[in-house]
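Some notes on the structure that comes next.
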Amino acid sequence: MDYEQLTAPCGLDCFNCIGYLAKESDEIRKMVSERTGIPFERAFCKGCRDEGGICPFLNMNEACNVYRCIHKKALSFCYECDDFPCDYLHPYADRSTDLPHNFKVFNLGLMKKMGVKRWAEDKAKSVRDTYFNGKWRI
């Protein structure tokens, strides 16, 4: 698997995303379609980079700011930028229980430290699982 291609510049792991997984599974695609109201035929994503920075599930008409910035600066990931982290990666409360966007910076820090391949194979799924299902520990 090409983890660099299947990881968004902002640090989201497309290869673990339900939208990407729906590409290969009619069962998952049906669930995505029902939850989002997107017609079954279009209820999947090819990954941020293959979609040109436009997430089909967020009703976007143009590439997100992060995607445009990365291409303008000719970088692969935000952690490579001198301005990292910037406001394009700022976490938000709305839809935080549905969307993984609030763990982008954490993922980017791990990728910088571990490398993209090792992060993808050893850590990305557990980060996502902890975000959606884990309990905060003091």
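Numbers here are sequence positions counted from 1. Keep in mind that the numbers below use all heavy atoms, side chains included, and drop hydrogens, waters and symmetry copies.
Tyr67 is not connected to Ile70 by any chain of hydrophobic side-chain contacts under 4.5 Å among Ile, Leu, Val, Met, Phe, Trp and Tyr, and they are in different clusters. Ile18 and Phe40 fall into different hydrophobic clusters, where Ile, Leu, Val, Met, Phe, Trp and Tyr are joined by side-chain heavy atoms under 4.5 Å apart, directly or via other members.
Considering all non-hydrogen atoms of both residues, Leu108 and Pro9 come closest at CD2-O, 3.6 Å. For the pair Cys78 and Phe84, the tightest heavy-atom approach, listed with the atom from each and the gap, is O-CB, 3.3 Å. Heavy atoms only, all atoms of each residue included: Ala124 and Phe15 are closest at CB-CZ, 3.9 Å. Contact detail for Gln5 and Asp50: the closest heavy-atom pair is NE2-OD1, 2.7 Å. Between Thr7 and Met111, the shortest heavy-atom distance links the atoms CG2-SD, 3.9 Å. Summarising the geometry of Phe132 relative to Pro100, their closest heavy-atom pair is CZ-N, 3.8 Å, with the distance given to 0.1 Å.
Note that Arg128 lies outside the cation-pi zone of Phe103, set by a 6.0 Å cut-off to the ring centre and a 45° limit from the axis.
With a 4.5 Å cut-off on side-chain heavy atoms, Lys112 and Phe77 do not count as touching. In this structure, the side chains of Cys45 and Glu51 come closer than 4.5 Å at one or more pairs of heavy atoms. Between Cys64 and Met60 there is a side-chain heavy-atom pair separated by less than 4.5 Å. With contacts defined as side-chain heavy-atom distances shorter than 4.5 Å, the pair Val32/Ile38 does not qualify.
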Exercise for the section: Give the intermediate values and the outcome of side-chain contact (heavy atoms from CB on, under 4.5 Å) for residues Leu12 and Cys48. Expected result: CA-CA 9 Å; Leu12 293 180; Cys48 176; over 6 Å; no
Handout entry: Chi angles and distances behind the side-chain contact (heavy atoms from CB on, under 4.5 Å) call for Lys72, Arg68
Key = CA-CA 6 Å; Lys72 180 180 170 187; Arg68 289 194 306 260; over 6 Å; no
Practice task
Decide yes or no on side-chain contact (heavy atoms from CB on, under 4.5 Å) for Thr130 and Lys135, but give the supporting numbers first.
Solution key: CA-CA 7 Å; Thr130 300; Lys135 300 288 183 204; over 6 Å; no
Practice task
In sequence, state the C-alpha distance, the side-chain angles, and the governing distance for Asp13 and Asn107, and then conclude on side-chain contact (heavy atoms from CB on, under 4.5 Å).
Solution key: CA-CA 8 Å; Asp13 49 335; Asn107 275 345; 4.3 Å; yes
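Note: Phe44 and Tyr20 fail the aromatic proximity criterion, with ring centroids not under 6.0 Å apart.
Ion pairing between Lys30 and Asp26 fails under the 4.0 Å rule for side-chain N and carboxylate O.
Applying the side-chain hydrogen bond (donor to acceptor under 3.5 Å, both in side chains) test to every pair with at least one member in residues 74-93, sequence neighbours left out, gives these pairs: Lys73-Asp83.
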